[in-house]
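The chains referred to below are lettered A, B, ... by the order of the sequence lines, with proteins before strands, and numbering in each begins at 1.
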Number of protein chains: 2
Amino acid sequence: MMPYDLILSNIGKYLTLTETEIAFFTSKLRLKEVVKKELVLRQNERCDHIYFLNNGTLRAFHLTTQGKESTVMFAIADWWITDIYAFTNNAPSIMNITAVEDSQLLSLSYPDLESLWDKLPKFEKFFRILMQKAYVREQLRSIQNLSLPAPERYDLFVSKYPEIAKKVTKKQIASYIGVTPEFLSTIRAKQGDT
Amino acid sequence: MMPYDLILSNIGKYLTLTETEIAFFTSKLRLKEVVKKELVLRQNERCDHIYFLNNGTLRAFHLTTQGKESTVMFAIADWWITDIYAFTNNAPSIMNITAVEDSQLLSLSYPDLESLWDKLPKFEKFFRILMQKAYVREQLRSIQNLSLPAPERYDLFVSKYPEIAKKVTKKQIASYIGVTPEFLSTIRAKQGDT
DNA sequence: AAAAAAAATTAATGTACCTTAAGAGTATTA
DNA sequence: TAATACTCTTAAGGTACATTAATTTTTTTT
């Protein structure tokens with residue numbers, strides 16, 4: 001399978017591209033392979049790339065000075081991921097991105113993305129849609145974090161992201177929903193969840 | 001002051017528009033005045049408009065079946081606001097939007113926004129930027145909610161949004177940072193905050 | 001200006017979730 | 001295959017925050 005098939009079908013949901021446009025777009029992409037536990041982005045370093053997952057699983061997490069991890073997001077095949085804060089503001093990143101398992105990804109640099117926007121305005125539409133959907137996801141998460149107790153946040157995570165729930169550890173899910181692994185364990189025990 | 005001055009300067013930060021484009025864009029806008037406590041959007045109803053605040057203050061909040069309020073966002077002059085989930089998915093809205101004080105806003109319907117995107121692609125860029133910044137805001141909020149205790153979330157809110165903090169009640173701030181008004185009160189007492 | 005309603009505060013009690021610690025299970029490395 | 005490390009679980013004790021309720025202060029309505 002060609003390394004660009006998945007990303008082109010991802011974009012194809014929203015845009016129709018000519019052969020020339022495809023060639024221009026793919027010329028900006030770089031293939032990157034990472035092994036389990038490898039860092040794709042280190043907190044505090046610049047984040048001038050956005051990544052698309054061909055396969056595997058990534059996890060983005062913020063680390064406090066006290067060493068507390070908060071999982072910002074997971075990404076599996078067909079997902080886009082970056083430290084959107086650092087990427088947007090050309091600021092030191094506020095999260096680590098690490099490989100939960102061996103993964104293959106395509107990277108696009110910020111300057112290349114800007115030239116893509118300039119030369120092919122339809123990519124503005126694509127990223128508008130991408131950003132809008134990401135905004136929706138994050139706002140739903142905020143609402144759920146504010147309004148639901150931990151057991152319901154856990155159930156919601158598993159039902160919303162069953163593929164991710166299969167691939168990542170309970171500890172990582174706990175740090176996404178905002179509880180300790182120990183407490184998630186008691187939640188699951190009460191639910192009769194094996 | 002013309003009702004379109006503020007929105008044009010808001011857009012002008014990112015786009016240059018011709019007189020014709022301005023005329024086309026403003027022809028899609030409707031001026032709306034709401035008085036304090038008036039509902040701009042009722043939860044469960046369709047949300048097919050996006051709003052821009054000329055002046056005043058709005059608050060978006062989600063209401064659970066148990067009657068618990070969670071403030072999703074505030075908006076003051078020069079801010080855009082809508083139920084982005086319902087707007088994007090043409091679904092019943094998941095929040096109320098209400099006037100904290102008398103406010104003047106401009107509304108743009110979803111069909112009009114789509115025709116704007118079709119006819120003037122530079123508006124795709126503008127909304128891409130808008131959505132991207134909103135995504136950044138929400139992601140930062142998620143990280144802070146996960147990693148910081150309530151007193152720090154309160155301090156951060158006040159330092160980040162001093163104008164909003166002046167206009168809204170403590171109860172509303174409490175429901176934004178995810179604590180009860182009573183607990184926010186004890187936080188403030190401990191800080192010697194009058 | 002009086003009356004009513006809502007916001008803010010304080011305090012007592014309660015609980016969801018955290019911390020610490022230890023042991024069992026599972027995966028990774030030598 | 002053994003050794004090491006990490007995840008998951010269980011349980012005791014602790015704390016941040018919620019709930020309830022009463023009082024004061026501020027805002028809104030009449």
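Regarding Ile187(A), its CD1 atom lies at a distance of 11 Å from the P atom of dT9(D), rounded to whole Å. Summarising the geometry, the separation between CD on Gln66(A) and P on dT19(C) is reported as 11 Å, rounded to the nearest angstrom. The separation between Glu182(B) atom CD and dT13(C) atom C1' is 14 Å, rounded to whole Å. Between the CG atom of Leu146(B) and the P atom of dC17(C) there is a distance of 14 Å, rounded to whole Å. What separates NZ of Lys190(B) from P of dA11(C) is a distance of 12 Å, to the nearest Å. The separation between Arg188(A) atom CZ and dC8(D) atom P is 8 Å, rounded to whole Å.
Between Glu69(B) and Ser175(B), the side chains place no donor N or O within less than 3.5 Å of an acceptor N or O (distance only, hydrogens not considered). Between the side chains of Tyr154(A) and Arg188(A), at least one donor-acceptor pair of N or O atoms lies under 3.5 Å.
Within the model, atoms CG of Asp155(B) and CD1 of Ile187(B) stand 8.5 Å from one another, a figure rounded to the nearest 0.5 Å. To the nearest 0.5 Å, atom CD of residue Glu101(B) and atom NZ of residue Lys36(B) are 8.0 Å apart. In this structure, Leu41(B) CG and Leu39(B) CG are separated by 8.0 Å, a value rounded to the nearest 0.5 Å.
Among dC18(C), dT19(D), dT9(D), the nucleotide with an atom closest to any side-chain atom of Thr180(A) is dC18(C). The side chain of Phe183(B) approaches dA16(D) more closely than any other nucleotide in the set dA21(C), dC17(C), dA16(D).
Shown here are the side chain to side chain donor-acceptor pair (under 3.5 Å) partners of Glu124(B), two or more places apart in sequence or in another chain: Lys125(A), Arg128(A). For Tyr110(B), the ring-ring contact (aromatic ring centres under 6.0 Å, His included) partners at least two apart in sequence or on another chain are Phe87(B).
Counting only distance, with no hydrogens or angles, the side chain of Ser107(A) and the backbone of Tyr51(A) share no donor-acceptor pair below 3.5 Å.
Comparing the start and finish of the helix from dA1(C)-dT30(D) to dA30(C)-dT1(D), five pairs each, the helix axis swings through 60°, to the nearest 10 degrees.
Residues Leu120(A) and Ile50(A) fall within the same hydrophobic cluster, defined by Ile, Leu, Val, Met, Phe, Trp and Tyr side chains chained together at heavy-atom separations under 4.5 Å.
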Output a table of nitrogen or oxygen pairs between the protein and nucleotides 25-28 of chain C separated by less than 3.5 Å.
{"residue": "dT28(C)", "atom": "OP1", "partner": "Lys36(A)", "partner atom": "NZ", "Å": "2.3"}

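Residues of residues 149-174 of chain A having a heavy atom closer than 4.0 Å to DNA chain D, listed by number: Thr169(A), Lys170(A), Lys171(A).
Remark: Arg59(B) fails to qualify as a cation-pi partner of Tyr176(B) under the 6.0 Å distance and 45° angle criteria applied to the six-membered ring.
Note on residues 75-84 of chain B: pairs passing side chain to side chain donor-acceptor pair (under 3.5 Å), not counting sequence neighbours, are Asn10(B)-Asp78(B), Asn10(B)-Trp80(B), Lys13(B)-Asp78(B).
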